[in-house]
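Working notes for the structure below.
Labels below follow one simple rule: chain letters A, B, ... track the order of the sequence lines, proteins then strands, and each chain is numbered from 1.
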Protein chains: 2
Amino acid sequence: MKLDTAANILAKIGNPTRLKIVRLLVRAGDEGMPVGMIQKKLGIPGSTLTHHITHLKSAAVIRQERRQATLVCKMEFDVLRNLVDYLTEECCADVASAEDAA
Amino acid sequence: MKLDTAANILAKIGNPTRLKIVRLLVRAGDEGMPVGMIQKKLGIPGSTLTHHITHLKSAAVIRQERRQATLVCKMEFDVLRNLVDYLTEECCADVASAEDAA
DNA sequence: ACGGTATTTCTAGAATTATCAAAATAATAA
DNA sequence: TTATTATTTTGATAATTCTAGAAATACCGT
């Protein structure tokens with residue numbers, strides 16, 4: 001993963017509202033969650049929610065699939081996994097601590 | 001870790017310049033790296049570098065220790081580790097993939 | 001086609017963030 | 001103390017981001 005890509009993803013999920021969305025979707029698993037339900041849970045205007053969803057989509061953190069009249073948001077788990085790998089592959093490489101076995 | 005804390009850390013390291021600093025310090029390990037050397041590696045003005053270092057310190061991502069005339073920046077590895085844990089404890093919990101054994 | 005629900009686009013103001021030159025401070029050596 | 005190197009503070013400008021109201025679009029049942 002390129003540094004700019006990682007920085008972009010980190011910046012996107014580094015906003016409290018968007019991190020809340022990410023957490024909801026992570027818990028929702030592969031089923032995802034409709035925009036409307038996210039809006040209810042967060043209690044914010046639709047336009048504001050769309051703004052944040054657009055950010056998350058632009059970094060491929062989430063994707064949307066239409067199911068009937070509702071749009072379902074789903075976590076891109078691979079992207080999140082790659083991001084964590086990017087951080088951990090460098091992280092702690094020089095720090096052979098005892099906690100590794102935990 | 002509180003959501004706002006995690007979001008703040010993510011936002012801080014979600015900037016290309018600051019992510020570069022983090023990577024340098026992660027590679028530097030517990031020895032750390034002086035501000036001046038970081039500045040040489042990144043090729044940016046000192047005032048700009050200080051601005052970003054201040055951000056990283058405010059989120060406790062790094063700390064500074066004076067050694068003679070130079071200030072040495074060091075990674076707070078525990079904070080980074082906690083952040084990754086925060087993301088991974090929720091992440092992939094519902095996604096039992098085959099790559100887990102890798 | 002019409003009405004209702006779901007969601008986005010447009011728009012704009014407020015708030016935050018990034019950048020860097022210039023001046024100031026800190027530590028050390030001569 | 002003066003000079004020198006190292007780093008920060010100040011201050012100003014430019015750019016980005018957040019927020020949300022109003023209007024527009026998309027889909028579906030009748």
Side-chain angles (χ1 to χ4, degrees), chain A residues 3-25 28 31-76, chain B residues 3-25 28 31-76:
Chain A
L3 184 136
D4 282 344
T5 304
N8 188 42
I9 295 173
L10 289 165
K12 297 309 186 189
I13 66 179
N15 168 283
T17 301
R18 289 198 289 268
L19 188 54
K20 279 174 197 154
I21 296 172
V22 164
R23 296 211 117 206
L24 284 177
L25 294 182
E31 270 193 34
M33 186 180 285
V35 175
M37 186 174 294
I38 297 174
Q39 187 183 350
K40 252 180 212 157
K41 297 237 183 196
L42 298 190
I44 60 178
S47 58
T48 302
L49 178 56
T50 295
H51 167 253
H52 288 298
I53 286 176
T54 301
H55 274 278
L56 291 173
K57 281 195 295 183
S58 81
V61 174
I62 69 173
R63 68 181 185 281
Q64 280 181 313
E65 289 171 18
R66 185 169 285 283
R67 198 160 59 192
Q68 319 273 7
T70 75
L71 269 175
V72 177
C73 297
K74 298 186 181 183
M75 196 66 206
E76 290 279 15
Chain B
L3 184 136
D4 283 343
T5 304
N8 188 42
I9 295 173
L10 289 165
K12 297 309 187 190
I13 66 179
N15 168 282
T17 300
R18 290 197 290 266
L19 188 53
K20 280 174 197 154
I21 296 171
V22 165
R23 295 212 119 205
L24 284 177
L25 293 182
E31 270 192 36
M33 185 180 286
V35 174
M37 186 174 294
I38 297 175
Q39 186 182 351
K40 252 180 214 159
K41 298 236 182 198
L42 298 190
I44 60 178
S47 57
T48 302
L49 178 57
T50 295
H51 167 253
H52 288 299
I53 286 177
T54 301
H55 274 279
L56 291 173
K57 280 195 296 184
S58 81
V61 174
I62 71 173
R63 69 181 185 282
Q64 280 181 313
E65 289 171 18
R66 185 168 286 283
R67 198 160 60 193
Q68 319 273 8
T70 75
L71 267 176
V72 178
C73 298
K74 298 187 181 182
M75 195 67 207
E76 291 278 16

Subject >> Opening and closing nucleotides of DNA chain C in contact with chain B, under 4.0 Å to non-hydrogen atoms >> reply: C:dA18 to C:dT28

Identify each atom pair where a protein N or O and an N or O of nucleotides 27-30 of chain D are less than 3.5 Å apart, giving names and distance.
residue, atom, partner, partner atom, Å
D:dC27, O3', A:Gln68, O, 3.3

Original post:
What are the two closest non-hydrogen atoms of B:Leu25 and B:Cys73, and how far apart are they?
Top reply: CD2-O, 3.4 Å

Original post:
Under 4.5 Å between any side-chain heavy atoms of A:Val61 and A:Met75, yes or no?
Top reply: yes

**OP:** In plain terms, say whether B:Arg63 and B:Glu65 are close enough for a salt bridge, that is, a side-chain N and a carboxylate O under 4.0 Å apart.
**Re:** yes

**OP:** Kindly indicate whether the side chain of A:Ile13, heavy atoms from C-beta on, has any atom under 4.5 Å from the side chain of A:Leu56.
**Re:** yes

**OP:** Search all heavy atoms of A:Pro16 against all heavy atoms of B:Leu3 and return the closest pair with its distance.
**Re:** O-CD2, 3.7 Å

Subject >> Minimum heavy-atom distance B:Leu10-A:Gly14, with the two atoms named >> reply: CB-CA, 3.5 Å

Subject >> Residues forming a side-chain hydrogen bond (donor to acceptor under 3.5 Å, both in side chains) with B:His55, sequence neighbours excluded >> reply: B:Lys12, B:His51

**OP:** Apply side-chain contact (heavy atoms from CB on, under 4.5 Å) to B:Gln64 and B:Val72, showing your working.
**Re:** CA-CA 6 Å; B:Gln64 280 181 313; B:Val72 178; over 6 Å; no

**OP:** With a 4.0 Å heavy-atom cut-off, tell me which residues in residues 4-22 of chain A come close to DNA chain D, sorted by residue number.
**Re:** A:Asn15, A:Arg18

Subject >> Min side-chain heavy-atom separation B:His52-B:Ile21 under 4.5 Å >> reply: yes

Subject >> DNA chain C-proximal residues of residues 37-50 of chain B, any heavy atom under 4.0 Å >> reply: B:Pro45, B:Ser47, B:Thr48

Original post:
Quick one: is A:His55 getting a side-chain N or O under 4.0 Å of the D:dC18 phosphate, OP1 or OP2?
Top reply: yes

Original post:
Do NZ/NE/NH1/NH2 and the carboxylate oxygens of B:Lys74 and B:Glu76 come within less than 4.0 Å?
Top reply: no

**OP:** List the atom of B:Ile9, the atom of B:Ala59, and the distance in Å for their closest heavy-atom pair.
**Re:** CG1-O, 4.0 Å

Name the atoms and distances for all side-chain donor-acceptor pairs under 3.5 Å in residues 33-42 of chain B, with sequence neighbours left out.
residue, atom, partner, partner atom, Å
B:Gln39, NE2, B:Ile44, O, 3.4

